[in-house]
Amino acid sequence: MAGETMRAVRYHRIGGPEVLELERILRPEPGEGEVLVRVMAAGVIPYDWKVRKGIIPANLSFPVIAGNAFAGIVERIGPGVEGVAVGERVYGRCSRGTYADYVTVKPEAMAAMPRILSFVEAAALQGGATTAWRAIIDGEVKPGDRVLIHGAAGGVGLFAVQFAKAKGAYVYGTASAENQDFIRSLGVDEAIDYAAQDFAEIVQDADFVLDTVGGATLDRSIVTVKPGGILLSIVGEPPRQAAEARGIRVKSVSPAGRDDLAEIARVIDAGKAKPVIQKVFLLEEAREAHRLCETGHGRGRIVIVLNLQA
């Protein structure tokens with residue numbers, strides 16, 4: 001109903017976690033080509049705090065509702081929308097902010113949730129799983145390929161490992177000493193302790209290398225890719241001239257669409273991948289969730305719960 005209010009975490013200026021405020025605002029109404037989704041859980045991704053802090057340039061119109069990833073239930077359908085049902089369990093992204101009880105979403109930015117996941121788990125997919133999925137697709141990974149994933153225990157890396165294995169690849173993964181067993185549990189065939197081992201001496205014939213670390217790791221990855229192979233980084237620009245000299249293709253990850261979300265759900269429902277949850281916070285604890293996310297420590301995704309039934 002028009003005029004109803006909802007909870008939302010907003011910020012009125014660029015700054016640290018302290019600028020996040022839990023407020024009561026008017027609930028949005030779905031317009032042409034939109035659906036209204038009741039948010040059950042919202043994923044906390046690095047993009048959220050980097051925008052809030054001004055690290056990622058964004059054309060913000062204050063106040064801003066924080067968040068990008070969500071999982072929830074379709075509440076209402078706006079004019080011109082087809083193929084979506086009221087009551088459907090969905091997940092995806094919303095640039096208007098997701099740390100709120102309700103969001104209006106374009107159908108192309110969401111898809112049906114994996115049937116086997118809870119709302120909390122589904123909220124952990126957008127950002128990590130979607131980026132990893134597109135990286136594996138753009139990397140043209142196929143059965144028998146040798147794949148190197150840097151940062152295999154991270155939010156993108158842990159999904160990239162699982163998706164590469166689902167494609168039938170042989171996977172090398174770099175991680176810290178304490179995460180060696182963890183990345184093996186995800187499916188890594190050869191785990192590399194980046195502090196004690198030189199990945200460039202271990203891997204020299206990769207068909208595809210995914211870099212989630214950047215810097216010197218990205219630069220040195222050139223020697224691990226075989227001629228005709230692909231190097232893709234989500235955090236930096238690979239040295240294209242050096243890559244071309246070795247016959248290596250350099251690619252960027254492309255945006256994920258509704259078809260990708262649906263395919264990710266199918267892979268998860270087939271038991272070939274799963275999210276990892278680091279910690280769950282209440283909406284009132286959004287500041288604490290951002291503080292933890294900023295540390296970059298821990299395994300898996302941070303999630304904010306808006307409904308205790310999630």
Side-chain angles (χ1 to χ4, degrees), residues 42-51 55-58 67-71 91-95 98 108-111 113-114 117 121-141 145 147-167 169 171 173-175 183 186-188 208-215 217-218 221 230-238 249-268 272-278 293-294 296 298-303:
V44 178
I45 62 179
Y47 178 86
D48 298 346
W49 67 261
K50 289 179 180 179
V51 170
I55 295 173
I56 294 179
N68 182 270
F70 74 88
Y91 82 105
R93 69 183 186 277
C94 177
S95 60
T98 57
E108 57 266 28
M110 67 181 202
M113 276 174 44
L117 296 188
E121 292 168 322
L125 299 178
Q126 171 62 34
T130 50
T131 300
W133 177 258
R134 283 310 318 170
I136 296 302
I137 297 300
D138 294 333
E140 303 174 17
V141 176
D145 276 359
V147 172
L148 170 61
I149 298 171
H150 289 301
V156 173
L158 69 87
F159 281 109
V161 169
Q162 296 178 86
F163 293 150
K165 291 303 296 181
K167 291 285 186 180
V171 178
T174 65
I183 65 174
L186 297 171
V188 165
F208 173 59
V209 174
L210 171 60
D211 167 58
T212 70
V213 178
T217 297
L218 172 56
S221 291
I230 297 173
L231 173 61
L232 186 154
S233 177
I234 63 169
V235 292
E237 177 64 25
R249 292 180 288 164
V250 172
K251 287 192 172 185
S252 300
V253 66
S254 56
R258 189 177 188 183
D259 289 345
D260 295 305
L261 294 171
E263 193 61 33
I264 290 168
R266 283 192 283 271
V267 171
I268 290 173
K272 296 181 179 180
K274 61 181 179 180
V276 177
I277 305 301
Q278 178 182 356
C293 191
E294 283 194 49
R299 303 169 182 166
R301 186 65 78 209
I302 299 164
V303 178

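Computed from a predicted model, the values in this text were never measured in an experiment.
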Quick one: list whatever passes salt bridge (Lys or Arg N to Asp or Glu O under 4.0 Å) with [X], sequence neighbours left out.
X: Arg266; value: Glu263
X: Lys165; value: Asp189
X: Arg134; value: Asp138, Asp260

Those residues that, when tested against [X], pass side-chain contact (heavy atoms from CB on, under 4.5 Å) (two or more places apart):
X: Ser252; result: Arg240
X: Ala129; result: Leu125, Phe159, Phe163, Ile264
X: Arg93; result: Asn68, Ala109, Gln126
X: Glu140; result: Ile230, Arg249, Lys251

Between Leu261 and Asp259, is a side-chain contact (heavy atoms from CB on, under 4.5 Å) present by the stated rule, with each step listed?
-> CA-CA 5 Å; Leu261 294 171; Asp259 289 345; over 6 Å; no
What is the minimum heavy-atom distance between [X] and [Y], and which atoms define it?
X: Thr131; Y: Val253; value: O-CG2, 3.7 Å
X: Pro46; Y: Arg301; value: CD-NH1, 3.7 Å
X: Ser233; Y: Pro238; value: CB-CG, 4.2 Å
X: Val147; Y: Ala169; value: CG2-CB, 3.8 Å
X: Gly173; Y: Ala152; value: CA-CB, 4.0 Å
X: Ala124; Y: Val303; value: CB-CG2, 4.2 Å

To the nearest 0.5 Å, tell me how far [X] [atom1] sits from [Y] [atom2].
X: Arg299; Y: Ile277; atom1: CZ; atom2: CD1; result: 14.5 Å
X: Lys167; Y: Lys272; atom1: NZ; atom2: NZ; result: 9.5 Å
X: Glu294; Y: Trp49; atom1: CD; atom2: CH2; result: 5.0 Å
X: Lys50; Y: Ile45; atom1: NZ; atom2: CD1; result: 10.0 Å
X: Leu231; Y: Leu210; atom1: CG; atom2: CG; result: 9.0 Å
X: Tyr47; Y: Ser95; atom1: OH; atom2: OG; result: 8.0 Å

Using the test side-chain hydrogen bond (donor to acceptor under 3.5 Å, both in side chains), find all partners of [X] that sit at least two apart in sequence or belong to another chain.
X: Thr217; value: none
X: Thr174; value: His150
X: Glu108; value: none

Using atom types as modelled and distance alone, determine if a side-chain donor or acceptor of Thr130 lies under 3.5 Å from a backbone N or O of Gly127.
-> yes
Is a side-chain donor or acceptor of Thr98 paired with a backbone partner of Ala69 at a separation under 3.5 angstrom?
-> yes
side-chain contact (heavy atoms from CB on, under 4.5 Å) assessment of Leu232 paired with Asp211 | CA-CA 6 Å; Leu232 186 154; Asp211 167 58; over 6 Å; no
Working for side-chain contact (heavy atoms from CB on, under 4.5 Å), residues Val213 and Val235 = CA-CA 7 Å; Val213 178; Val235 292; 5.5 Å; no
Report the C-alpha distance between Leu117 and Tyr91 in whole Å, list the side-chain angles of each, state the deciding distance to 0.1 Å, and finish with yes or no for side-chain contact (heavy atoms from CB on, under 4.5 Å).
-> CA-CA 11 Å; Leu117 296 188; Tyr91 82 105; over 6 Å; no
